[in-house]
Amino acid sequence: MPDIYPYNYWILYAAIAALILTIIISLVQIARMAKEMMNFLQPRTAKLERNMKLMQIKMEAMNEKKAENAKKNKYIALALPVLLAVYQQYSKDDEAKGIDGVIKSARTVMNNRNAESKLIKKVAAAIR
C-alpha cells in the first residue's frame, strides 16, 4: 500500500466537503419536492375539507329528522291505545254504524277515560 501520509488529511477534508455538499443539495431537493407536493395536494385536501363540511351538514339534517320522527312516533304511540279502545268500543256496539258510530264510540271512550282519571285523582288525594 502506498504511503499517502501528507495527503490523507486533504482527502479527509475533501470527503467531508463532498458530504456537506451532498447533504445541502439533498435538503434543497427535498424542500423543493415538499413544496411541489403541497401544491399538488392542496386541491385534494380542499376537496376533502368541503366533503367533510357537507357530511357534517348532512349529519345535522339527519339528526334533526330523527328528532322529528321521534316526536311524531311519540304522538302516534300516545294515540294508538286510544284508537284501539275506540275500535274495540265500536266492535262491541251493535248499533254503531259508519262515521256516526265511530264518533259515538270515541265519545264513550273519552268519557270513560275522564271518569277513570277523576277516580285516580280522588284515590291519590285520599291516600295523601
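Treat the numbers as computed from the prediction; the structure is a model and nothing was measured. We're numbering straight along the sequence, starting at 1.
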How long is the gap from [atom1] on [X] to [atom2] on [Y], to the nearest 0.5 Å?
{"X": "L48", "Y": "M55", "atom1": "CG", "atom2": "CE", "result": "11.5 Å"}
{"X": "L80", "Y": "N73", "atom1": "CG", "atom2": "CG", "result": "11.0 Å"}
{"X": "E116", "Y": "L119", "atom1": "CD", "atom2": "CG", "result": "8.0 Å"}
{"X": "S105", "Y": "K92", "atom1": "OG", "atom2": "NZ", "result": "10.5 Å"}
{"X": "I16", "Y": "L21", "atom1": "CD1", "atom2": "CG", "result": "13.5 Å"}

_Exercise: identify the closest heavy-atom pair between V86 and V102_ =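 So the minimum-distance heavy-atom pair works out to CG1-O, 4.1 Å.
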*Locate the shortest heavy-atom distance separating A18 from T22; write the atom from each residue and the value.*
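That would be O-OG1, 2.7 Å.
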*Give a yes or no on this: more than 12 heavy atoms of other residues, nucleotides or ligands lie within 6.0 Å of atom CD of Q29.*
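Correct, the count exceeds 12.
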*For I99, look at atom CD1 and say whether over 12 heavy atoms of other residues, nucleotides or ligands are found less than 6.0 Å away.*
no
*Determine yes or no for a side-chain-to-main-chain donor-acceptor pair under 3.5 angstrom, with S117 supplying the side chain and R113 the backbone.*
no
*Look only at the side chain of Y90 and the backbone of G98, and say whether a donor-acceptor pair between them is shorter than 3.5 Å.*
yes
*Do you know which of K65, K71, K66 makes side-chain contact (heavy atoms from CB on, under 4.5 Å) with N69?*
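The residue from K65, K71, K66 that satisfies side-chain contact (heavy atoms from CB on, under 4.5 Å) with N69 turns out to be K65.
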*Side-chain touch M110/R107, heavy atoms, less than 4.5 angstrom*: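 Not in contact.
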